[in-house]
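Following: one structure in structure tokens, then a few remarks.
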Amino acid sequence: AGHSTQVINGIAYQVAAGDVFLLQGFSEHAFRRREKVSLINVQFSPELLPLPYAFLRKIPGYNVMFQVEPRLRSPRNFRHRLHLSPPALSEVLTLVRRLADELAAQHPGYEAAACGLLSELITTTSRQYSLLNIGNQAALVRLGDVISALEHDFAATWNLAKIAKMAGTSPNNLLRIFKEATGDSPISYLLKVRLRQAAALLTCHDLSIAEVAFKCGFKDANYFTRQFTLFYHIPPGKYRSLASGNV
């Protein structure tokens, strides 16, 4: 509620009811010129919570909020933010209040309930971001769609031209904006997604190394083993043994 100016890492933003900001790491932020401001902060450490990140990364808006947008912030070009409509804001406030109640009461199982509510809160706001279709925000959402497609259909046959067509841009421009937004080329990002999925299959399923490789989009089991070893610094067979406790 109300109006104010929020300063994030030296950049000033005019904010009002319904505005949502994601702050990561050690961002400096403060408010000035407050006018009847009412706000809610939800603070959490992703590395400490068992949130369903593999599922969240399949939501285009999640990729925009948690990956693309934070990397593109600068005093000159970052003016993106999620603005919730009154019905969406009401839905988010209900989730936040339920989350606060669980953490305050600490009834048995409150940790599971709190993680579930936080996941629902992240999902709800991410879906709202996916609805944006204006100017630069629409371009961010298209990039989020691309990342989501790679996360969801990681075993499919992808190449740079096919990914660029989905993004509605040229291969050279895609390389530039994708690298700027994620730190990787599209193909390097896809490789990491496949290796993450392979690690999960090695941990949870009784499949051969070759079967894991093929299910994750690798056509050559030897190539998969080399890439897995480079990424995790351990061969897939040894990774499976360590994960199962059979050392």
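Source: prediction; values computed, not measured.
Annotation: Arg98, atom CZ; neighbour count of heavy atoms from other residues, nucleotides and ligands within 6.0 Å does not exceed 12. Counted within 6.0 Å of NZ on Lys162, heavy atoms from surrounding residues, nucleotides or ligands total more than 12; the atom is thus considered enclosed.
When atom types are taken as modelled, the side chain of Lys58 and the backbone of Tyr53 share no donor-acceptor pair closer than 3.5 angstrom. Formation of a donor-acceptor pair under 3.5 Å by the Gln197 side chain with backbone atoms of Arg194 is not found in this model. Using modelled atom types, no side-chain atom of Asp19 and backbone atom of His83 make a donor-acceptor pair closer than 3.5 Å.
At a threshold of 4.5 Å between side-chain heavy atoms, the hydrophobic network of Ile, Leu, Val, Met, Phe, Trp and Tyr places Ile40 and Val92 in one connected group. No single ILVMFWY cluster, assembled from side-chain heavy atoms under 4.5 Å apart, contains both Leu22 and Val7. There is a path of hydrophobic side-chain contacts, each under 4.5 Å, that joins Val37 to Leu23. Under the 4.5 Å side-chain heavy-atom criterion for ILVMFWY residues, no single connected hydrophobic cluster contains both Phe55 and Leu51. Val42 and Ile59 fall within a single hydrophobic cluster, where Ile, Leu, Val, Met, Phe, Trp and Tyr side chains are chained together by heavy-atom contacts under 4.5 Å.
The minimum heavy-atom distance between Ala199 and Tyr232, with the atom names listed, is CB-OH, 3.5 Å. Of all heavy-atom pairs between Leu202 and Arg240, the closest is O-NE, 3.4 Å. When all heavy atoms of Gln227 and Leu195 are compared, the pair lying nearest together is O-CD1, 3.9 Å. The nearest pair of heavy atoms linking Phe31 to Ser4 is CD2-OG, 3.4 Å. Listed here is the closest heavy atom pair of Pro186 and Leu175: CD-CD2, 3.7 Å. Pro236 and Thr225 make their closest contact through CD-CG2, 3.8 Å (heavy atoms, listed as atom of the first residue, atom of the second, distance).
A heavy-atom distance below 4.5 Å is not found between the side chains of Ser241 and Tyr239. With contacts defined as side-chain heavy-atom distances shorter than 4.5 Å, the pair Thr182/Asn63 does not qualify. Residues Gln6 and Arg34 are not in side-chain contact: their nearest non-hydrogen atoms beyond the backbone lie 4.5 Å or more apart. Between Met166 and Asp145 there is no side-chain heavy-atom pair separated by less than 4.5 Å.
Side-chain polar atoms of Glu151 and Ser148 form no donor-acceptor pair below 3.5 angstrom. When only modelled atom types and interatomic distance are considered, Ser188 and Ser185 share a side-chain donor-acceptor pair under 3.5 Å.
Interatomic distance, NE2 of His29 versus CD1 of Ile8, reported as 7.5 Å (0.5 Å rounding). Note that CZ of Arg97 and CG of Leu93 are 5.0 Å apart. Values are rounded to the nearest 0.5 Å. Summarising the geometry, atom CD belonging to Glu28 is positioned 12.0 Å from atom CD1 belonging to Ile11; distances are rounded to the nearest 0.5 Å.
One finds no salt bridge joining Lys179 and Asp184 here, because no Lys/Arg side-chain nitrogen approaches an Asp/Glu carboxylate oxygen to under 4.0 Å.
Taking the six-membered ring where the residue is Trp, the centroids of Phe214 and Phe224 are separated by 6.0 Å or more.
Of the options Leu150, Ile147, Asp153, a side chain to side chain contact (heavy atoms under 4.5 Å, CB included) to Leu190 is made by Leu150 and by none of the others.
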Report the C-alpha distance between Gln128 and Thr125 in whole Å, list the side-chain angles of each, state the deciding distance to 0.1 Å, and finish with yes or no for side-chain hydrogen bond (donor to acceptor under 3.5 Å, both in side chains). CA-CA 5 Å; Gln128 289 296 316; Thr125 52; over 6 Å; no

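Note on ring orientation: taking the six-membered ring where Trp is involved, the planes of Tyr189 and Phe178 are perpendicular (angle over 60°, cut-offs 30° and 60°).
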Result block: side-chain N/O donor-acceptor pairs under 3.5 angstrom for residues 105-121, not counting sequence neighbours:
unit_1, atom_1, unit_2, atom_2, d
Ser119, OG, Cys115, O, 3.0

